[in-house]
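Written out below as structure tokens is the structure these notes cover.
This structure is a prediction, so every number in the text was calculated from the model and none was measured. Every number for a ligand or one of its atoms is a count from 1 in the order of the listing.
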Amino acid sequence: MQPLRLQKEFDLLYEKEFLLPGDKQQDIQINKHEHEIWAKVFWRRRFRHAKREDPELQFVFQQNPSTLLEIGAGYGRVLRKLVERNGGNKKMRSIQGIDICEHFAPYFHLYKTEYPSLRNVEMIYDNFLESQKLKENSCDIILLPMNTIPSFSIDLLKTLFITVGRYLTKDGMFLFSNYKIPDKERVSALINRRQGHSGELLLELGSGFIAAEYYDLPARKTEYGAYNVTYARYNTFSRDNTLQKKELFRSQTEFILHQHLQKIIETCGLSIEIFDDTSHSFTYGLTKQ
Ligand SMILES: C[S@@+](CC[C@H](N)C(=O)[O-])C[C@H]1O[C@@H](n2cnc3c(N)ncnc32)[C@H](O)[C@@H]1O
């Protein structure tokens, strides 16, 4: 990212009054996903996410796995569903989750108190791409749900697939979902989608609230698909409405077209066994070649 382009974005955001005169550009945290506020926001959205359909899960038990790892497991939302479908841990002997954001740890603890079926789940807070805490050739299923793949930049996708290949058992499967961007025409739908301001108020009983404000810049076309930039402002208030903290973030999401993703997958020693387009997302099931 060129500083010149960043400067252009800042100018636009001051003009649109998303950035305010007191905001300092050096306070904008760039592509920082493992921040405490992100865990707080995600946890406070849990009621909204409770009924979310996760299309990857229907394929998990078809593989008859005895070991499973979820990448980006957060506070355990998907793992709870899996444990429940797993008939009280009868079928799988090991269920693990890993998340780069250690600030999810207290929320996983709270969630486990609410859903004791999670007690045998092992949660690791570490970067999946660099972790030394996982065992090679040990996972029958590796899951990356909730369209998280675009959070890995195109440069990191190869590393992601190669790392997954190291942890999968010989007949193991990597299941993940991706936004539906089937072809170049659909990229223009992404480019034309709603831009500009949006916001949400995130409440948590006993802990005050977070006023979140977002600014979505127009998506840009690339040779692999498109990318989009979102600025987020989080104002944290205490229960007596006193402003405690102001935080600003810039994050970039890279959307990759199916045919480009397919090429990267093949160069990493994996092949596409399942490609399902019947739900809100594309679901992929990859095995080792
Ligand atoms: C969209 S959230 C999904 C959370 C959870 N899977 C769910 O569906 O409720 C994506 C998660 O991936 C995590 N993540 C991103 N990069 C990661 C990495 N390199 N290693 C481990 N976790 C990562 C983020 O911290 C975030 O919690």
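When only non-hydrogen protein atoms are considered, atom 12 (O) of ligand 1 lies nearest to Gly72 CA, 3.3 Å. Scanning the protein for heavy atoms near atom 19 (N) of ligand 1, the closest one is Asn127 OD1, 2.8 Å. Scanning the protein heavy atoms around atom 8 (O) of ligand 1, the nearest turns out to be Arg77 NH2, 2.8 Å. From the protein, the heavy atom lying nearest to atom 1 (C) of ligand 1 is Thr148 OG1, 3.6 Å. Atom 20 (N) of ligand 1 has Phe128 N, 3.0 Å as its closest protein atom, hydrogens excluded (heavy atom only). Considering only non-hydrogen protein atoms, atom 25 (O) of ligand 1 sits nearest to Asp99 OD1, 2.7 Å.
Ring geometry, Phe176 versus Phe161: the interplanar angle falls from 30° to 60°, so the pair is classed tilted. Using bins of under 30°, 30° to 60° and over 60° for the plane-to-plane angle, the ring pair Tyr231/Phe10 lands in the perpendicular bin. Classified by interplanar angle (parallel below 30°, tilted 30° to 60°, perpendicular above 60°), the ring pair Phe104/Tyr107 is perpendicular.
Applying side-chain contact (heavy atoms from CB on, under 4.5 Å) to Pro145 and the options Leu82, Thr283, Val78, Leu175 leaves one that passes, Val78.
Proximity to Glu70 (heavy-atom distance under 4.0 Å) selects the following atoms of ligand 1: 5 (C), 6 (N). Counting the atoms of ligand 1 from 1 in the order shown, those under 4.0 Å from a heavy atom of Phe104 are 27 (O).
Within the 4.5 Å cutoff, the side chain of Arg250 has heavy atoms near those of the Val229 side chain. Looking at heavy atoms from C-beta onward, Arg52 lies in side-chain contact with His280 at the 4.5 angstrom threshold. In this structure the side chain of Phe128 reaches within 4.5 angstrom of the side chain of Tyr167, judged on heavy atoms.
The cationic atom of Arg46 (NZ for Lys, CZ for Arg) does not lie both less than 6.0 Å from the six-membered ring centre of Tyr75 and within 45° of the ring axis.
Contacts with ligand 1 closer than 4.0 Å are made by heavy atoms of both the backbone and the side chain of Ile100. Here Phe42 has side-chain heavy atoms under 4.0 Å from ligand 1, and that is the only part of it that gets that close.
Not a single heavy atom of Tyr75 sits under 4.0 Å from any atom of ligand 1. In this structure, Asp126 has a heavy atom closer than 4.0 Å to ligand 1.
Polar contact with ligand 1: absent for Asp54 (N/O pair, distance under 3.5 Å).
The local environment of CD in Gln26 is crowded, with over 12 non-hydrogen atoms from other residues, nucleotides or ligands closer than 6.0 Å.
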